Structure formats: C-alpha cells, structure tokens
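Inspection log for the structure reproduced underneath, given as structure tokens.
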Amino acid sequence: MPKLWNETIEEHRNAVRDATLDATATLVAEHGLMSVTMSRIAQETGIGRATLYKYFPDVESVLVAWHERRVAHHLEQLQAVRDRTADPGRQLHAVLETYALISYERHGHHGTGMAALLHQGPAITQAHQRLLELVRDLVAEGAASGALRADVSPDELAAYCLHALGAAAGLPSKAAVRRLVEVTLAGLRPADCPVDEGEPAILSGHQIEDREHPRHGSR
C-alpha cells in the first residue's frame with residue numbers, strides 16, 4: 001500500500017482507539033466499571049459497534065487498554081511531581097502524597113472480578129516495577145543523606161510505602177489521606193531522629209506550603 005494510505009489508516013485506528021478509551025473513562029467515572037458495555041461505548045462515541053469490534057474483541061479488552069493507559073498517565077504524573085523540586089525530601093513527600101491521592105480516587109473500582117483482571121498482565125507489572133524504582137531511588141537518596149533510616153534496604157522501604165498508602169482507597173476524606181502519608185513518612189525516619197527539635201527530616205505537606213507561601217505579616 002502507498003505510504004500515505006498506511007498513515008491514514010494508522011491515524012484512523014488511533015482516533016478510534018482514543019475515542020473508545022476516552023468514552024470508557026467517562027463511563028467508569030460516572031457509573032463504575034460494570035457500566036461499560038460495547039453498546040454504551042458506541043452510543044458515547046458515535047462509532048458503530050461493528051467498527052469497535054474490529055479494534056477490540058470484547059469489552060474486557062477495552063477495559064484492560066483503558067486501565068493500562070490510565071496507569072501510564074499516573075506514572076507520568078508522579079514523575080512530573082518529583083521533578084518540580086530538586087530537594088529529595090520534598091520530592092519523596094510529594095510523590096507519596098500524590099500516589100495516596102490517586103489510590104483514594106480509585107475508591108469504588110475495587111472489589112469486583114473485573115478490577116482484579118485489570119491489575120494483571122505484563123504492562124501493569126512493568127508499571128508497578130517502575131513505581132517501586134521511583135520511590136526506592138528517592139528513599140535511597142534520603143538514607144544516604146542521613147535524613148531517612150538506613151537499617152532497612154530502600155527496596156523494602158519503598159514496598160512498605162506503597163503497601164501502606166494503598167489503604168488510602170478506603171479512607172473517607174483527603175484529610176485522612178494526608179494523615180496516612182504523614183504516618184507512613186514517620187516510619188521512614190531513623191529511630192534516633194528527634195521529631196520535635198530543629199529541622200524535620202522530611203517536611204510535611206503543611207510545612208512545605210507554609211515555606212513556599214508564607215502568611216502576610218509573619219517574621
């Protein structure tokens with residue numbers, strides 16, 4: 001086939017895929033995982049069901065593709081949060097808080113067989129490994145500087161953080177999520193690190209905000 005024809009077909013394929021996954025995201029957000037059907041996607045996008053089936057064999061494959069795209073976006077979001085500052089302590093706090101809030105916002109997508117299916121597969125395994133490495137590297141920097149405990153390996157501490165913050169999915173508010181982040185961070189500090197004297201090893205979210213946006217009239 002001519003190159004231009006191939007490019008046109010590829011653009012059409014990408015357009016159909018993006019529209020399908022965007023519609024799926026809308027349905028999940030408004031009605032939950034179990035609301036997604038090929039008929040509802042077709043209705044939402046205006047794409048015929050016959051065309052949808054050319055690209056996705058069933059609704060399960062649509063949901064898997066949607067979830068993989070969503071996880072990739074979350075990784076990009078965490079990396080962007082990390083890159084907003086050069087300070088390792090602030091980076092770690094920001095990454096963990098963002099991850100916890102992502103977990104909190106996933107509330108309601110768990111507890112179904114479909115949700116279990118979405119968390120399987122090589123793409124999800126690879127994404128989870130990248131997430132572990134992101135947190136591990138920040139923990140290792142903190143341990144090397146003496147701000148974080150060095151008696152436990154950064155790999156184990158990274159796993160501890162992610163497992164602990166996964167509980168954010170069941171919390172009732174964002175305030176509770178932020179408290180969970182502070183408790184998790186406390187577990188990373190050296191046992192002999194004084195938390196009530198001098199400069200804290202890791203600034204809390206409120207302390208970071210106060211540093212970057214001081215109140216008028218403060219001295």
Side-chain angles (χ1 to χ4, degrees), residues 25 28-30 32-33 66-112 114-116 118-120 123-143 145 147-149 152-191 193 195 200-213:
V28 172
E30 294 180 355
L33 280 174
W66 159 76
H67 187 251
E68 289 178 354
R69 187 180 74 165
R70 188 165 177 254
V71 168
H73 172 72
H74 287 159
L75 273 174
E76 292 172 359
Q77 182 181 356
L78 291 168
Q79 290 165 344
V81 165
R82 176 200 61 191
D83 294 341
R84 287 176 189 166
T85 177
D87 179 80
R90 293 171 186 260
Q91 286 179 326
L92 181 61
H93 189 285
V95 166
L96 294 186
E97 182 170 287
T98 301
Y99 175 76
L101 288 170
I102 289 172
S103 296
Y104 168 75
E105 289 163 3
R106 284 205 313 258
H107 181 67
H109 295 168
H110 298 271
T112 67
M114 181 58 68
L118 297 180
H119 288 84
Q120 300 176 9
I124 300 304
T125 299
Q126 183 180 27
H128 183 69
Q129 183 59 36
R130 288 175 59 195
L131 174 60
L132 273 171
E133 291 169 358
L134 172 64
V135 177
R136 179 202 64 197
D137 291 347
L138 293 175
V139 170
E141 286 189 60
S145 70
L148 301 181
R149 61 191 306 161
V152 180
S153 75
D155 286 294
E156 291 181 24
L157 290 177
Y160 148 74
C161 289
L162 297 183
H163 281 293
L165 296 177
L171 293 179
S173 67
K174 290 184 179 180
V177 171
R178 293 188 173 96
R179 287 192 291 272
L180 176 63
V181 172
E182 299 303 332
V183 171
T184 303
L185 286 168
L188 300 179
R189 299 188 182 103
C193 177
V195 295
I202 300 178
L203 295 177
S204 71
H206 297 301
Q207 289 168 324
I208 291 174
E209 183 176 355
D210 290 343
R211 289 289 185 86
E212 296 178 349
H213 306 286

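In this chain, residues are counted from 1 in sequence order. The figures that follow rest on heavy atoms only: side chains count, while hydrogens, waters and symmetry mates do not. Just so it is clear, the structure is predicted and the values come from calculations on it, not from any experiment.
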Check: Leu92 and Leu185 side chains under 4.5 Å, non-hydrogen atoms: yes

Partners passing salt bridge (Lys or Arg N to Asp or Glu O under 4.0 Å) against Asp87 (at least two apart in sequence or in another chain): none

Assess whether side-chain contact (heavy atoms from CB on, under 4.5 Å) is satisfied between Leu148 and Leu157, documenting all intermediate values. CA-CA 10 Å; Leu148 301 181; Leu157 290 177; 5.8 Å; no

List for me each residue that meets salt bridge (Lys or Arg N to Asp or Glu O under 4.0 Å) alongside Arg136, sequence neighbours excluded, and say none if there are none. Asp155

Which atom of Ser103 lies closest to which atom of Ala168, heavy atoms considered: CB-CB, 4.1 Å

Are side-chain heavy atoms of Leu165 and Glu97 found at a separation under 4.5 Å? no

Sub-3.5 Å donor-acceptor pair from the side chain of Arg130 to the main-chain atoms of Ala72, do we have one? no

Looking only at heavy atoms, which two atoms of Leu171 and Ala176 are closest? And how far apart? CD1-O, 3.6 Å

Who pairs with Arg82 by side-chain contact (heavy atoms from CB on, under 4.5 Å), at least two apart in sequence or on another chain? Gln79, Gln91, Val95, Leu134, Leu138

Any heavy-atom pair between the side chains of Arg178 and Glu182 that's under 4.5 Å? no

List the atom of Ala147, the atom of Pro190, and the distance in Å for their closest heavy-atom pair. O-CD, 3.3 Å

So which atom in Gly187 and which in Arg149 form the shortest heavy-atom distance, rounded to 0.1 Å? O-NH1, 3.2 Å

Side-chain contact test, heavy atoms from C-beta onward, threshold under 4.5 Å: evaluate it for Leu132 versus Gln129 and give yes or no. yes

Value rounded to 0.5 Å, distance of CZ in Arg70 from CD in Gln77: 10.5 Å

Glu105 side, atom CD; Ile102 side, atom CD1 - distance, nearest 0.5 Å: 7.5 Å

Do Thr184 and Leu188 have side-chain heavy atoms sitting under 4.5 Å apart? no

Flag the pair Tyr99 / Val81 as yes when at least one side-chain heavy-atom distance between them is below 4.5 Å, and no otherwise. no

Evaluate whether atom CD of Glu133 has more than 12 neighbouring non-hydrogen atoms of other residues, nucleotides or ligands under 6.0 angstrom away. yes

Test side-chain contact (heavy atoms from CB on, under 4.5 Å) on His67 and Ile124; report intermediate values, then the result. CA-CA 9 Å; His67 187 251; Ile124 300 304; 3.5 Å; yes

